[in-house]
Amino acid sequence: MGIWILNGQTVAADNTVTKKHFYIENDKIAQVVDAVDGSLPDTSGHEVIDAAGKLVAPGFIDMHVHLREPGFEHKENIATGTRSAARGGFTTIACMPNTRPVIDTVDTVNYILDKAATEGVVRVLPYGCITKNELGRELTDFAALKEAGVIGYTDDGVGVQSAQMMKDAMALAASMGMPIIAHCEDNTLVEGAPVTDGAFAKKHGLKGIPNESEAIHVGRDVLLAEATGVHYHVCHVSTEQSVRLIRHAKQFGIKVTAEVCPHHLVLSDEDIPGMDANWKMNPPLRTPRDVEAVIEALEDGTIDIIVTDHAPHSEEEKEKGMHLAPFGILGFETAFPLLYTKFVKTGKWTLGFLINRMTQKPAEVFGLPYGTLAEGSAADLTIVDLDTEREVLKEEIVSRSKNTPFIGWKLQGWPVVTMASGKVVWS
Ligand code: DOR
Ligand code: ZN
Ligand code: ZN
């Protein structure tokens with residue numbers, strides 16, 4: 001017995017809309033039938049999900065998330081984090097290694113993969129650290145980590161401060177056909193600054209995080225990527241200067257790709273209502289000019305994909321205030337509704353464009369066989385109600401943490417059914 005998903009609207013990257021039926025058998029999309037003439041397949045003996053009037057998209061892919069396990073289970077764990085992902089329509093997520101211990105050994109990779117297989121509800125792909133303990137001093141065993149199943153190397157949470165260390169990492173990763181994923185931040189430029197160097201910092205007398213702290217690493221690293229031939233992927237691009245450098249590097253044929261987060265597309269530092277740490281993340285909300293630049297960069301292909309940087313922190317931690325609270329906000333559960341409401345509803349983007357940057361494009365960038373509704377592919381599907389406006393309610397958040405600036409926002413485009421590997425994991 002399988003599952004029929006009937007009469008769903010699908011939308012291609014070029015925004016062509018087609019009505020389709022999908023037959024799911026085990027963990028695969030076994031059959032895709034055009035529903036143009038209104039005819040129905042024989043569903044007898046099978047489960048049926050009625051998707052009439054709804055969008056059926058490939059399960060969303062999020063290449064940058066923090067699941068906090070092991071070590072910070074009071075913020076999130078693999079069970080709660082993957083459920084939060086499922087509520088947001090994500091079926092494949094790539095988790096960052098800044099856990100405790102960090103993911104710098106085969107044992108920790110195995111721990112994550114075992115937990116994900118037994119307690120997770122969506123596919124979890126781990127990154128391994130570039131340097132041991134993310135301290136920037138000594139490279140990890142790239143070959144052993146690859147063998148254990150990591151999909152790339154990153155010290156996300158901190159920048160790799162030494163150019164020589166980064167160059168060695170890139171050369172090694174390149175020799176193994178693996179990507180380097182970089183959190184770009186020069187520590188000497190950011191110390192003690194909780195928000196961007198902009199209007200909000202000025203108004204509240206705060207030290208600001210300057211745009212160069214990010215862009216200096218981007219500039220350094222595209223040159224190192226050119227020298228080593230590695231696939232270099234830039235995390236959470238937030239500044240106009242980074243955009244310029246990436247655009248230039250791409251024109252030059254350097255193998256660089258980049259990601260942007262919903263909050264950097266939707267919010268600037270001028271939207272921060274006050275000294276509330278639910279608006280504190282790293283990189284910080286930048287100036288309106290930077291927001292325009294990252295939007296344009298996503299639109300013109302300079303930035304390839306959308307990721308959430310889902311970064312749960314407990315209420316206690318966030319209540320410590322703008323100065324002392326840790327950086328980071330939740331991402332999974334608001335990402336699609338937020339972008340649908342702000343960019344598709346307003347006519348700035350097509351639905352096909354948004355879906356593409358959250359499914360097919362990330363799969364392409366990282367060489368993953370997901371992000372497609374083609375026959376024979378993994379049965380990862382997200383059914384979305386595009387019509388009902390709903391408020392973001394704190395009590396409905398599935399993540400163990402609640403740190404988001406979007407509570408109270410009225411949004412449209414809510415995932416109503418998420419299927420991962422043929423199983424309904426959210427409805
Ligand atoms: O906002 C952030 N949160 N930025 C980071 O670089 C790390 C992340 C986290 O782990 O909380
Ligand atoms: Zn980061
Ligand atoms: Zn991150």
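Note that ligands are numbered from 1 as they come in the structure, with each ligand's atoms numbered from 1 the same way.
Between R286 and E240 there is no salt bridge, since no side-chain N of the basic residue sits under 4.0 Å from a carboxylate O of the acidic one. Taking the charged nitrogens against the carboxylate oxygens, K132 and D155 have no contact shorter than 4.0 Å, which rules out a salt bridge. At a threshold of 4.0 Å, the pair D197-K202 does not count as salt-bridged, since none of the basic side-chain nitrogens sits closer than that to a carboxylate oxygen. Ion pairing of R400 with E76 is absent here, as no side-chain N (NZ or NE/NH1/NH2) approaches a carboxylate O to less than 4.0 Å. A salt bridge links R123 with D380: the closest approach of a Lys/Arg side-chain nitrogen to an acidic carboxylate oxygen falls below 4.0 angstrom.
Using a cut-off of 2.8 Å, one finds that H183 contributes no N/O/S atom close to the Zn ion (ligand 3). Not one N/O/S atom of H236, from backbone or side chain, sits under 2.8 Å from the Zn ion (ligand 3).
Residue F327 has at least one nitrogen or oxygen atom sitting less than 3.5 Å from a nitrogen or oxygen atom of ligand 1, judged on distance alone. In terms of polar-atom proximity, defined here as any N/O pair under 3.5 Å, H236 makes no such contact with ligand 1.
In terms of modelled atom types and a separation under 3.5 Å, the side chain of K402 and the main chain of I397 share a donor-acceptor contact. The backbone N or O of T287 sits less than 3.5 Å from a side-chain atom of D290, completing a donor-acceptor pair.
In this structure, of I329, N282, V158, the residue bringing a heavy atom nearest to atom 4 (N) of ligand 1 is N282.
The contact set between ligand 1 and H313, taken as ligand atoms under 4.0 Å from a residue heavy atom, comprises 11 (O). Close approach of ligand 1 to R68 (heavy-atom distance below 4.0 Å) involves ligand atoms 9 (C), 10 (O), 11 (O). For ligand 1 and M281, the ligand atoms under 4.0 Å from any heavy atom of the residue are 1 (O). Close approach of ligand 1 to G157 (heavy-atom distance below 4.0 Å) involves ligand atoms 6 (O), 7 (C).
In this structure, CD1 on I103 lies 9.5 Å from CE on M96, to the nearest 0.5 angstrom.
Atom OD1 is the N/O/S atom of D309 found closest to the Zn ion (ligand 3). Residue H66 approaches the Zn ion (ligand 3) most closely through its N/O/S atom NE2. Restricting D156 to its N, O or S atoms, the one at the least distance from the Zn ion (ligand 2) is OD1.
Neither the backbone nor the side chain of M96 has a heavy atom within less than 4.0 Å of ligand 1.
When every heavy atom of L285 is checked against every heavy atom of H263, the shortest pair comes out as CD2-O, 3.6 Å.
Nearest non-hydrogen protein atom to atom 6 (O) of ligand 1 is H183 CE1, 2.8 Å. For atom 8 (C) of ligand 1, the nearest non-hydrogen atom of the protein is H66 NE2, 3.8 Å.
A distance of 6.0 Å or more separates the ring centres of H66 and H310.
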